[in-house]
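Beneath this line is the structure, given in structure tokens, with notes to follow.
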Amino acid sequence: MYILCDKRTKGVYAVEDELKNKVVQIFVDKDDALRYYGQLEALDYQRPLQILELEEEQIKANCVNHGYMYCIITPNDLVTPPPDLIL
């Protein structure tokens, strides 16, 4: 599984949902994580990110410990960064 993390702070990239919950996107496919990051760059997202590969259970446990929600992005899902909801 793959997540996006800030290169400087090592913080996990997350978006806010409509209820203001922080949601970490967990990508099943590295290519999908790369594509999403490319979309962020096209929107001039200013923080440098890196793609990390981690075990699913480790990501989920960290989300729970930090009060974040998470969602699994499968190769069949189409996600784009919401420009007004980027954290």
Side-chain angles (χ1 to χ4, degrees):
M1 300 294 217
Y2 301 91
I3 57 171
L4 300 173
C5 291
D6 188 291
K7 282 186 178 179
R8 291 184 205 133
T9 67
K10 305 300 181 199
V12 175
Y13 169 85
V15 295
E16 283 186 351
D17 67 11
E18 59 278 351
L19 299 174
K20 303 292 183 193
N21 295 309
K22 294 179 182 178
V23 181
V24 174
Q25 296 160 318
I26 304 171
F27 295 89
V28 172
D29 187 5
K30 186 175 184 178
D31 287 341
D32 290 335
L34 287 166
R35 189 174 308 108
Y36 189 90
Y37 184 41
Q39 292 171 349
L40 285 171
E41 290 179 318
L43 293 170
D44 293 325
Y45 187 73
Q46 297 298 310
R47 297 166 67 181
L49 300 175
Q50 63 185 356
I51 297 171
L52 294 180
E53 182 178 12
L54 298 168
E55 294 293 325
E56 180 178 352
E57 294 308 314
Q58 180 182 5
I59 298 168
K60 288 178 179 180
N62 283 331
C63 287
V64 170
N65 288 338
H66 289 75
Y68 283 32
M69 307 289 287
Y70 60 85
C71 64
I72 306 292
I73 309 297
T74 69
N76 295 325
D77 296 322
L78 175 63
V79 293
T80 58
D84 58 337
L85 298 179
I86 295 173
L87 294 179

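Any value given below was found using the heavy atoms of this structure, including those in side chains, with hydrogens, waters and symmetry copies removed.
By the side chain to side chain contact (heavy atoms under 4.5 Å, CB included) test, Gln58 pairs with Leu54, Glu55, Asn62, sequence neighbours left out. In this structure Lys7 satisfies the side chain to side chain contact (heavy atoms under 4.5 Å, CB included) test together with Pro48, Gln50, sequence neighbours excluded. Partners of Glu56 according to the side-chain hydrogen bond (donor to acceptor under 3.5 Å, both in side chains) rule, which considers only residues two or more places apart in sequence or in another chain, are Lys60. Remark: Asp29 engages no residue in a side-chain hydrogen bond (donor to acceptor under 3.5 Å, both in side chains) (not counting sequence neighbours). With sequence neighbours excluded, the residues satisfying side chain to side chain contact (heavy atoms under 4.5 Å, CB included) with Thr9 are Asp6, Arg47.
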Let me check something: any side-chain donor-acceptor pairs from residues 71-78 under 3.5 Å, sequence neighbours excluded? List them with distances.
unit_1, atom_1, unit_2, atom_2, d
Thr74, OG1, Asn76, N, 3.4
Thr74, OG1, Asp77, OD2, 3.0
Asp77, OD2, Thr74, N, 2.8

Side chain to side chain contact (heavy atoms under 4.5 Å, CB included) between Phe27 and Val79, worked out: CA-CA 10 Å; Phe27 295 89; Val79 293; 4.1 Å; yes
Assess the residue pair Ile3 and Gln25 against the criterion (side chain to side chain contact (heavy atoms under 4.5 Å, CB included)); give the C-alpha distance rounded to whole Å, side-chain angles, the decisive distance to 0.1 Å, and a yes or no. CA-CA 7 Å; Ile3 57 171; Gln25 296 160 318; over 6 Å; no
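Here CD1 of Ile51 is found 5.5 Å from CG of Leu4. Values are rounded to the nearest 0.5 Å. We find the CZ-NZ distance between Arg35 and Lys30 to be 13.5 Å, quoted to the nearest 0.5 Å. A distance of 9.0 Å separates CD of Glu53 from CD1 of Ile59, quoted to the nearest 0.5 Å.
Considering Leu52, Ile26, Val24 as possible partners of Val12, the one that fulfils the side-chain contact (heavy atoms from CB on, under 4.5 Å) test is Val24.
In this model, a donor atom of one side chain and an acceptor atom of the other lie less than 3.5 Å apart for Tyr36 and Tyr13.
Val64 is not connected to Met69 by any chain of hydrophobic side-chain contacts under 4.5 Å among Ile, Leu, Val, Met, Phe, Trp and Tyr, and they are in different clusters.
Closest approach of Pro81 and Leu40 over heavy atoms only: CB-CD2, 3.5 Å.
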